[in-house]
Amino acid sequence: EADIYQTPRYLVIGTGKKITLECSQTMGHDKMYWYQQDPGMELHLIHYSYGVNSTEKGDLSSESTVSRIRTEHFPLTLESARPSHTSQYLCASSPLWTGHSYEQYFGPGTRLTVT
Amino acid sequence: AQSVAQPEDQVNVAEGNPLTVKCTYSVSGNPYLFWYVQYPNRGLQFLLKYITGDNLVKGSYGFEAEFNKSQTSFHLKKPSALVSDSALYFCAVRVNQAGTALIFGKGTTLSVSS
(Lines give C-alpha, C1' and ligand atoms only; values in the text may rest on other atoms or scores of the structure.)
Protein backbone atom coordinates (compact mmCIF):
# COMPACT_ATOMS: atom_id res chain seq x y z
CA GLU A 1 0.00 0.00 0.00
CA ALA A 2 1.35 3.42 -0.96
CA ASP A 3 2.05 5.47 2.13
CA ILE A 4 4.45 7.77 3.92
CA TYR A 5 6.29 6.55 6.99
CA GLN A 6 8.18 8.27 9.76
CA THR A 7 10.37 6.70 12.41
CA PRO A 8 10.69 6.92 15.28
CA ARG A 9 7.24 8.11 16.30
CA TYR A 10 8.51 9.29 19.67
CA LEU A 11 12.05 10.11 20.75
CA VAL A 12 13.45 11.40 24.02
CA ILE A 13 17.13 12.23 23.87
CA GLY A 14 19.73 14.15 25.82
CA THR A 15 21.28 17.46 24.86
CA GLY A 16 24.21 17.24 22.50
CA LYS A 17 23.26 13.97 20.86
CA LYS A 18 23.13 13.52 17.11
CA ILE A 19 19.79 12.29 15.82
CA THR A 20 18.29 11.39 12.47
CA LEU A 21 14.58 11.38 11.85
CA GLU A 22 13.59 9.03 9.06
CA CYS A 23 10.97 9.65 6.40
CA SER A 24 10.13 7.30 3.56
CA GLN A 25 7.33 7.26 1.03
CA THR A 26 6.21 4.54 -1.33
CA MET A 27 4.07 6.76 -3.52
CA GLY A 28 6.74 7.62 -6.05
CA HIS A 29 6.48 11.32 -5.25
CA ASP A 30 9.25 13.67 -6.33
CA LYS A 31 8.60 16.46 -3.84
CA MET A 32 9.18 15.97 -0.13
CA TYR A 33 8.95 18.36 2.80
CA TRP A 34 9.76 18.67 6.48
CA TYR A 35 7.58 20.78 8.74
CA GLN A 36 8.05 21.65 12.39
CA GLN A 37 4.97 21.92 14.56
CA ASP A 38 4.75 22.86 18.21
CA PRO A 39 1.78 21.18 19.98
CA GLY A 40 -1.51 22.53 18.70
CA MET A 41 0.23 25.18 16.66
CA GLU A 42 0.76 25.98 13.00
CA LEU A 43 3.20 24.16 10.78
CA HIS A 44 6.41 25.78 9.64
CA LEU A 45 8.33 24.56 6.60
CA ILE A 46 11.97 23.86 7.45
CA HIS A 47 13.22 21.89 4.42
CA TYR A 48 12.01 20.70 1.06
CA SER A 49 13.23 18.78 -1.94
CA TYR A 50 12.11 18.60 -5.56
CA GLY A 51 13.89 15.34 -6.21
CA VAL A 52 17.12 13.41 -5.83
CA ASN A 53 20.07 15.63 -4.90
CA SER A 54 17.76 18.63 -4.49
CA THR A 55 17.38 20.20 -1.03
CA GLU A 56 16.32 23.68 0.00
CA LYS A 57 15.73 25.50 3.26
CA GLY A 58 12.22 26.52 4.12
CA ASP A 59 10.69 29.58 5.67
CA LEU A 60 11.65 28.73 9.25
CA SER A 61 15.31 28.76 10.10
CA SER A 62 16.44 25.41 11.38
CA GLU A 63 19.71 23.95 12.60
CA SER A 64 18.82 20.63 11.02
CA THR A 65 20.07 19.30 7.70
CA VAL A 66 18.49 16.98 5.14
CA SER A 67 19.61 14.76 2.30
CA ARG A 68 17.87 13.24 -0.71
CA ILE A 69 19.92 10.43 -2.14
CA ARG A 70 16.94 8.29 -3.09
CA THR A 71 13.53 9.43 -4.28
CA GLU A 72 11.70 7.62 -1.52
CA HIS A 73 13.90 8.67 1.39
CA PHE A 74 14.28 12.14 3.00
CA PRO A 75 15.99 11.96 6.40
CA LEU A 76 16.43 14.95 8.70
CA THR A 77 19.50 15.20 10.94
CA LEU A 78 20.28 17.26 14.01
CA GLU A 79 24.02 17.20 14.69
CA SER A 80 23.68 18.35 18.30
CA ALA A 81 20.22 18.29 19.80
CA ARG A 82 19.14 21.08 22.17
CA PRO A 83 15.99 21.55 24.28
CA SER A 84 14.86 24.23 21.81
CA HIS A 85 14.55 21.45 19.21
CA THR A 86 11.76 19.84 21.19
CA SER A 87 8.82 19.76 18.80
CA GLN A 88 6.85 17.57 16.42
CA TYR A 89 8.37 17.01 13.00
CA LEU A 90 6.07 16.18 10.10
CA CYS A 91 7.22 14.82 6.77
CA ALA A 92 5.10 15.23 3.64
CA SER A 93 5.30 14.42 -0.05
CA SER A 94 3.57 15.40 -3.26
CA PRO A 95 3.92 14.62 -6.96
CA LEU A 96 6.00 16.98 -9.05
CA TRP A 97 3.20 17.50 -11.51
CA THR A 98 -0.29 16.28 -10.88
CA GLY A 99 -2.60 18.24 -13.11
CA HIS A 100 -5.38 19.33 -10.80
CA SER A 101 -4.11 17.52 -7.76
CA TYR A 102 -1.83 19.55 -5.52
CA GLU A 103 -2.38 18.22 -2.05
CA GLN A 104 0.44 16.99 0.12
CA TYR A 105 0.39 13.68 1.92
CA PHE A 106 1.64 13.66 5.49
CA GLY A 107 3.35 11.08 7.62
CA PRO A 108 2.28 10.45 11.24
CA GLY A 109 5.01 12.66 12.65
CA THR A 110 7.90 12.27 15.07
CA ARG A 111 7.51 13.85 18.48
CA LEU A 112 10.99 14.81 19.68
CA THR A 113 11.85 15.75 23.25
CA VAL A 114 15.36 16.92 24.07
CA THR A 115 16.17 16.88 27.77
CA ALA B 1 3.58 38.59 2.08
CA GLN B 2 1.48 35.52 1.66
CA SER B 3 -0.47 34.47 4.71
CA VAL B 4 -3.40 32.48 5.96
CA ALA B 5 -5.50 33.50 8.95
CA GLN B 6 -7.76 31.36 11.07
CA PRO B 7 -9.33 33.93 13.39
CA GLU B 8 -10.74 31.43 15.89
CA ASP B 9 -8.50 29.34 18.11
CA GLN B 10 -11.46 27.17 19.10
CA VAL B 11 -14.95 26.49 17.81
CA ASN B 12 -17.51 24.75 19.99
CA VAL B 13 -20.69 23.23 18.56
CA ALA B 14 -23.27 20.73 19.69
CA GLU B 15 -23.62 17.46 17.86
CA GLY B 16 -26.13 17.73 15.04
CA ASN B 17 -25.67 21.46 14.63
CA PRO B 18 -24.00 23.01 11.60
CA LEU B 19 -20.37 24.04 11.97
CA THR B 20 -18.18 26.65 10.32
CA VAL B 21 -14.43 27.01 10.67
CA LYS B 22 -13.20 30.27 9.22
CA CYS B 23 -10.19 30.92 7.01
CA THR B 24 -9.03 34.00 5.15
CA TYR B 25 -5.97 34.33 2.97
CA SER B 26 -3.70 36.94 1.50
CA VAL B 27 -1.73 36.00 -1.60
CA SER B 28 -0.70 37.49 -4.89
CA GLY B 29 -1.94 35.49 -7.81
CA ASN B 30 -4.52 32.74 -7.90
CA PRO B 31 -4.66 30.78 -4.66
CA TYR B 32 -4.83 27.04 -4.32
CA LEU B 33 -6.62 26.43 -1.03
CA PHE B 34 -6.71 23.38 1.20
CA TRP B 35 -8.19 22.13 4.43
CA TYR B 36 -6.46 19.50 6.54
CA VAL B 37 -7.52 17.82 9.77
CA GLN B 38 -5.21 16.55 12.50
CA TYR B 39 -6.28 14.11 15.18
CA PRO B 40 -4.25 13.80 18.41
CA ASN B 41 -0.80 12.28 17.88
CA ARG B 42 -1.42 11.90 14.18
CA GLY B 43 -0.22 13.53 10.99
CA LEU B 44 -2.38 15.78 8.86
CA GLN B 45 -5.12 14.32 6.71
CA PHE B 46 -6.29 16.03 3.55
CA LEU B 47 -9.97 17.06 3.60
CA LEU B 48 -10.60 19.10 0.47
CA LYS B 49 -9.15 21.63 -1.92
CA TYR B 50 -10.10 24.49 -4.20
CA ILE B 51 -8.07 24.88 -7.37
CA THR B 52 -10.53 26.33 -9.87
CA GLY B 53 -14.14 26.01 -10.93
CA ASP B 54 -17.18 25.79 -8.64
CA ASN B 55 -16.78 27.91 -5.53
CA LEU B 56 -18.34 25.23 -3.33
CA VAL B 57 -16.13 22.20 -2.99
CA LYS B 58 -17.03 18.96 -1.27
CA GLY B 59 -14.55 16.82 0.57
CA SER B 60 -14.12 13.92 2.91
CA TYR B 61 -16.35 13.05 5.88
CA GLY B 62 -19.20 15.30 4.72
CA PHE B 63 -17.18 18.52 4.87
CA GLU B 64 -17.44 21.25 2.29
CA ALA B 65 -15.87 24.66 1.84
CA GLU B 66 -16.87 27.81 0.04
CA PHE B 67 -14.33 29.90 -1.84
CA ASN B 68 -15.14 33.60 -1.85
CA LYS B 69 -12.72 35.60 -3.93
CA SER B 70 -14.07 39.04 -3.03
CA GLN B 71 -13.77 38.30 0.69
CA THR B 72 -10.59 36.23 0.25
CA SER B 73 -12.13 33.52 2.38
CA PHE B 74 -12.35 29.73 2.31
CA HIS B 75 -14.53 28.70 5.23
CA LEU B 76 -14.98 25.05 6.11
CA LYS B 77 -18.52 23.87 6.76
CA LYS B 78 -20.52 20.83 7.67
CA PRO B 79 -24.32 20.71 7.91
CA SER B 80 -24.45 18.40 10.93
CA ALA B 81 -21.49 18.01 13.29
CA LEU B 82 -20.43 14.70 14.83
CA VAL B 83 -18.52 14.20 18.06
CA SER B 84 -15.90 12.38 16.00
CA ASP B 85 -15.28 15.61 14.05
CA SER B 86 -13.51 17.01 17.11
CA ALA B 87 -9.94 17.70 16.00
CA LEU B 88 -7.51 20.42 14.94
CA TYR B 89 -8.25 21.92 11.53
CA PHE B 90 -5.73 23.71 9.34
CA CYS B 91 -6.35 25.92 6.36
CA ALA B 92 -3.48 26.17 3.87
CA VAL B 93 -2.70 27.99 0.65
CA ARG B 94 -0.27 27.61 -2.20
CA VAL B 95 0.11 30.34 -4.79
CA ASN B 96 0.88 28.22 -7.80
CA GLN B 97 1.90 24.74 -8.79
CA ALA B 98 5.56 25.67 -8.75
CA GLY B 99 5.36 27.05 -5.25
CA THR B 100 7.63 25.65 -2.62
CA ALA B 101 5.09 24.30 -0.16
CA LEU B 102 1.90 25.07 1.67
CA ILE B 103 1.45 28.05 3.96
CA PHE B 104 -0.60 26.97 6.95
CA GLY B 105 -2.86 28.88 9.27
CA LYS B 106 -2.43 28.51 13.03
CA GLY B 107 -5.17 25.94 13.24
CA THR B 108 -8.61 25.89 14.84
CA THR B 109 -9.61 23.35 17.44
CA LEU B 110 -13.11 22.07 16.80
CA SER B 111 -14.91 20.63 19.80
CA VAL B 112 -18.24 18.91 19.22
CA SER B 113 -20.23 18.08 22.35
CA SER B 114 -22.81 15.33 22.62
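This is a predicted model, so every value here is computed, not measured. These values consider heavy atoms only, across backbone and side chains, with no hydrogens, waters or symmetry-generated copies. Residue numbers begin at 1 in each chain, while the letters A, B, ... track the order of the sequences.
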Per-residue contact mode, B:Leu88 against chain A (heavy atom under 4.5 angstrom): side chain
Contacting region of B:Gln38 [heavy-atom separation from chain A under 4.5 Å]: side chain
Please determine whether residues [X] and [Y] belong to a single hydrophobic cluster, defined as Ile, Leu, Val, Met, Phe, Trp and Tyr linked transitively by side-chain heavy-atom distances below 4.5 Å.
X       : Y       : answer
B:Val11 : B:Tyr61 : yes
B:Tyr39 : B:Leu19 : yes
B:Leu33 : B:Leu56 : no
A:Val12 : A:Leu78 : no

Point-to-point distance, once rounded to the nearest 0.5 Å, from OH of A:Tyr35 to CG of B:Leu44: 9.0 Å
Interatomic distance, A:Glu42 atom CD to B:Ile103 atom CD1 [nearest 0.5 angstrom]: 11.0 Å
Heavy-atom side-chain contact between A:Gln104 and B:Phe34 under 4.5 Å: no
Let me know if [X] has heavy atoms under 4.5 Å from chain B in its side chain, its backbone, both or neither.
X       : value
A:Glu56 : neither
A:Gln6  : neither
A:Leu43 : both

Top contributor to chain B interface from A:Gly109, A:Pro108, A:Gly58, A:Gly107 [non-hydrogen pairs under 4.5 Å]: A:Pro108
